[in-house]
> 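Let me begin by handing over the structure; questions about it come next.
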Amino acid sequence: AQLLIDSNEITATVESKDGLVYYTYEIYDINTQELSHQFFAFVYKMEDAFFLVQFAVKADALKKQTENVFAYAKSISFN
């Protein structure tokens with residue numbers, strides 16, 4: 001996850017919750033400079049590969065949808 005942050009020059013910190021490794025970053029409206037969307041980027045390590053899955057949430061739905069984002073992220077499997 002840190003490699004993705006560094007190579008894309010994103011201001012973020014790698015975090016973990018419930019066995020998930022992720023980072024978040026924000027996009028701001030160019031006109032108002034207000035938060036527009038928050039992105040949740042989850043990194044999954046498999047035996048021979050890494051996978052990145054991202055979710056975008058509109059700022060006005062952030063409190064309501066954050067729990068759902070983690071539930072969806074936890075439900076992902078690679079078989």
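Because the structure is a prediction, the values reported are computed rather than measured.
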> Aromatic contact between F55 and F39, with the criterion being ring centroids under 6.0 Å apart: yes or no?
no
> Among residues at least two apart in sequence or on other chains, which ones pass side-chain contact (heavy atoms from CB on, under 4.5 Å) with A59?
L35
> Say you draw a straight line from CD1 of I27 to NE2 of H37; how long is it, rounded to the nearest 0.5 Å?
9.0 Å
> So, the side chain of D18 versus the backbone of L20: is there a donor-acceptor pair under 3.5 Å, distance only?
no
> Taking OH in Y72 as the centre, count heavy atoms belonging to other residues, nucleotides or ligands within less than 6.0 Å. Is the count above 12?
no
> Using the side chain to side chain contact (heavy atoms under 4.5 Å, CB included) rule, take M46 and F51 through it: C-alpha gap first, then chi angles, then the decisive distance, then the call.
CA-CA 8 Å; M46 306 312 294; F51 294 91; 3.4 Å; yes
> So do K17 and F70 actually touch side chain to side chain, heavy atoms under 4.5 Å?
yes
> Look up atom OG1 in T11 and atom CD1 in I5, then write down how far apart they are to the nearest 0.5 Å.
9.5 Å
> If I compare all heavy atoms of T24 with all of A12, which pair ends up nearest, and what's the gap?
O-CB, 3.3 Å
> For the atom pair CZ (F40) and CD (E15), what is the distance rounded to the nearest 0.5 Å?
9.5 Å
> On a heavy-atom basis, which atom in S36 and which in D29 lie closest, and how many Å separate them?
CB-N, 3.9 Å
> Do K74 and F42 have side chains that get closer than 4.5 Å, going by heavy atoms?
no
> Looking only at side-chain N and O atoms, does Q54 offer a donor or acceptor that is under 3.5 Å from a partner on Y25?
yes
> Keeping Q33 on the side-chain end and I30 on the backbone end, is there a donor-acceptor pair under 3.5 Å?
yes
> With side chain to side chain contact (heavy atoms under 4.5 Å, CB included) as the test, would you mind laying out the steps for V57 and T66 before giving the verdict?
CA-CA 8 Å; V57 179; T66 297; 5.8 Å; no
> Has Y44 got a side-chain atom pairing as donor or acceptor with A73's backbone, closer than 3.5 angstrom?
yes
> Please identify each residue that fulfils ring pair (Phe, Tyr, Trp, His ring centres under 6.0 Å) with Y23, with sequence neighbours left out.
none
> Side-chain heavy atoms nearer than 4.5 Å, only ILVMFWY residues, links allowed to pass through others: does that put V21 and V53 together?
no
